[in-house]
Enquirer: 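Below: one structure in structure tokens.
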Protein chains: 2
Amino acid sequence: MKEGTSETPGYCRDTEDYDVRQWDTREDCEVRQILDRIADKWSLLVIALLDRRSLRFTELRRAVDGVSQRMLARTLRQLERDGLVHRTVHAVVPPRVDYELTPLGATLHSTIRALVDWTEGHQNEIAAARAAYDIREAEERAAQEQEVARRDAVARDVLAGRR
Amino acid sequence: MKEGTSETPGYCRDTEDYDVRQWDTREDCEVRQILDRIADKWSLLVIALLDRRSLRFTELRRAVDGVSQRMLARTLRQLERDGLVHRTVHAVVPPRVDYELTPLGATLHSTIRALVDWTEGHQNEIAAARAAYDIREAEERAAQEQEVARRDAVARDVLAGRR
DNA sequence: CTGAATCCCTTCCGATACTG
DNA sequence: CAGTATCGGAAGGGATTCAG
């Protein structure tokens with residue numbers, strides 16, 4: 001089986017004796033796997049970039065900045081297979097290949113865009129939360145060590161002095 | 001440096017001579033990294049699950065179904081550090097730890113929910129697209145092989161018969 | 001230019017075992 | 001119950017090379 005195909009076990013042990021409360025647990029047989037691909041680092045960026053315009057391979061490569069040729073090619077093939085991106089090959093030399101969102105991909109775009117926008121809009125809060133967390137953790141760690149040292153001292157005193 | 005800290009280079013080469021068209025390329029110094037964490041497989045599921053209710057570690061473990069103890073613990077630590085999830089330790093025995101979304105995390109919930117809903121709502125279309133793609137690819141591959149075989153035959157004839 | 005294929009190193013992650 | 005520590009296999013992904 002070729003590399004990117006993912007053996008897709010496909011199973012879905014029958015949902016007998018299992019009350020579907022929301023979507024949470026195992027009905028994701030397929031969903032879980034799709035979500036993984038959609039929420040993939042590069043897929044996210046590519047879909048976000050392909051907004052109402054088509055871009056060629058090299059343009060995407062430059063725009064994403066950091067993606068390797070290998071990963072971009074793989075990502076695009078997957079997105080094409082999933083019917084989210086359309087690939088147009090122009091029979092010219094040098095070859096030119098354009099990528100654009102399919103109607104299905106376009107419906108995903110706004111959702112992904114929302115996610116990206118959220119991240120942009122809250123990155124400062126997250127950075128602050130991280131800083132606060134790190135400080136708290138450092139303090140706790142320090143207090144912990146002090147406590148250990150104190151106990152050590154006490155133990156030494158007891159052993160050395162009066163016993 | 002401990003495992004999950006991620007060396008966070010933090011750089012962001014100054015945005016001189018770079019027209020910010022949208023968000024696409026490199027202003028993601030920080031965003032890119034946050035997006036990666038948020039769009040993470042387990043983070044997504046955990047945040048989606050923590051809807052207006054608090055769950056304890058084991059409940060999450062069961063609900064997510066498939067996550068290892070290690071990954072769940074790591075994911076929760078990260079989410080806590082990012083200020084998206086709040087952790088409450090009850091000083092009882094056996095220990096009990098509750099997790100719930102912070103206000104910040106709650107604002108992310110709907111967005112993530114939208115992503116999950118999209119996936120659920122379009123999984124059939126994606127499955128169909130994949131099937132179609134695979135068939136097309138198989139046909140092309142078959143045609144390719146036929147062509148090769150045909151040319152082979154011709155070449156053999158030329159070499160053997162009249163030359 | 002647009003890929004596919006190979007090599008190879010790094011990171012991820014699950015299984016297991018051990019604390020509080 | 002709620003973790004942390006360690007280890008080994010598996011997967012991810014970059015650099016390079018070759019082809020159309």
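To find a chain, count down the sequence lines: A is the first, B the second, and so on, and within it residues start at 1.
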Enquirer: In chain order, what residues pass the side-chain contact (heavy atoms from CB on, under 4.5 Å) check against A/A73, with sequence neighbours excluded?
Expert: A/F57, A/R77
Enquirer: Could you tabulate the donor-acceptor pairs under 3.5 Å formed by side-chain atoms of residues 86-97 of chain B, not counting sequence neighbours?
Expert:
from: B/R87; atom 1: NE; to: B/Y99; atom 2: OH; distance (Å): 3.3
from: B/H90; atom 1: NE2; to: B/D98; atom 2: OD2; distance (Å): 2.9
from: B/R96; atom 1: NE; to: B/D98; atom 2: OD2; distance (Å): 3.3

Enquirer: Can you tell me how far P of C/dA5 sits from CG of A/L72, to the nearest Å?
Expert: 17 Å
Enquirer: What distance separates B/D65 CG from B/L60 CG, expressed to the nearest 0.5 Å?
Expert: 12.5 Å
Enquirer: Using salt bridge (charged side-chain N to carboxylate O under 4.0 Å, His left out) as the criterion, list what pairs up with A/D36, not counting sequence neighbours.
Expert: B/K41
Enquirer: Which residues pass the ring-ring contact (aromatic ring centres under 6.0 Å, His included) test with A/W118, sequence neighbours left out?
Expert: A/H122
Enquirer: Nearest whole Å is fine: how far is C/dT11 C1' from B/D36 CG?
Expert: 13 Å
Enquirer: Considering only nitrogen or oxygen atoms on both sides, find all protein atoms under 3.5 Å from nucleotides 14-20 of chain D and state each distance.
Expert:
from: D/dG14; atom 1: OP2; to: A/S68; atom 2: OG; distance (Å): 2.5
from: D/dG14; atom 1: O6; to: A/R70; atom 2: NE; distance (Å): 3.4

Enquirer: From CZ of A/R56 over to P of C/dG3, roughly how many Å is that when rounded to an integer?
Expert: 10 Å
Enquirer: Indicate whether OP1 or OP2 belonging to D/dT4 is found under 4.0 Å from a side-chain N or O atom of B/R77.
Expert: yes
Enquirer: Can you measure A/Q78 atom CD to C/dA4 atom P for me and round it to whole angstrom units?
Expert: 12 Å
Enquirer: Quick one: is C/dG3 close enough that its OP1 or OP2 comes under 4.0 Å of any side-chain N or O from A/Y99?
Expert: yes
Enquirer: If the condition is side-chain contact (heavy atoms from CB on, under 4.5 Å), which residues does B/S43 pass it with, not counting sequence neighbours?
Expert: B/D40, B/T75, B/L79
Enquirer: Given atom CD of A/E137 and atom P of D/dG3, what is their separation to the nearest angstrom?
Expert: 14 Å
Enquirer: Would you indicate what B/R61 reaches in the nucleic acid, counting non-hydrogen atoms under 4.0 angstrom: base, sugar-phosphate, or nothing?
Expert: nothing
Enquirer: Nearest whole angstrom, please: distance from the P of C/dA15 to the CZ of B/R74.
Expert: 16 Å
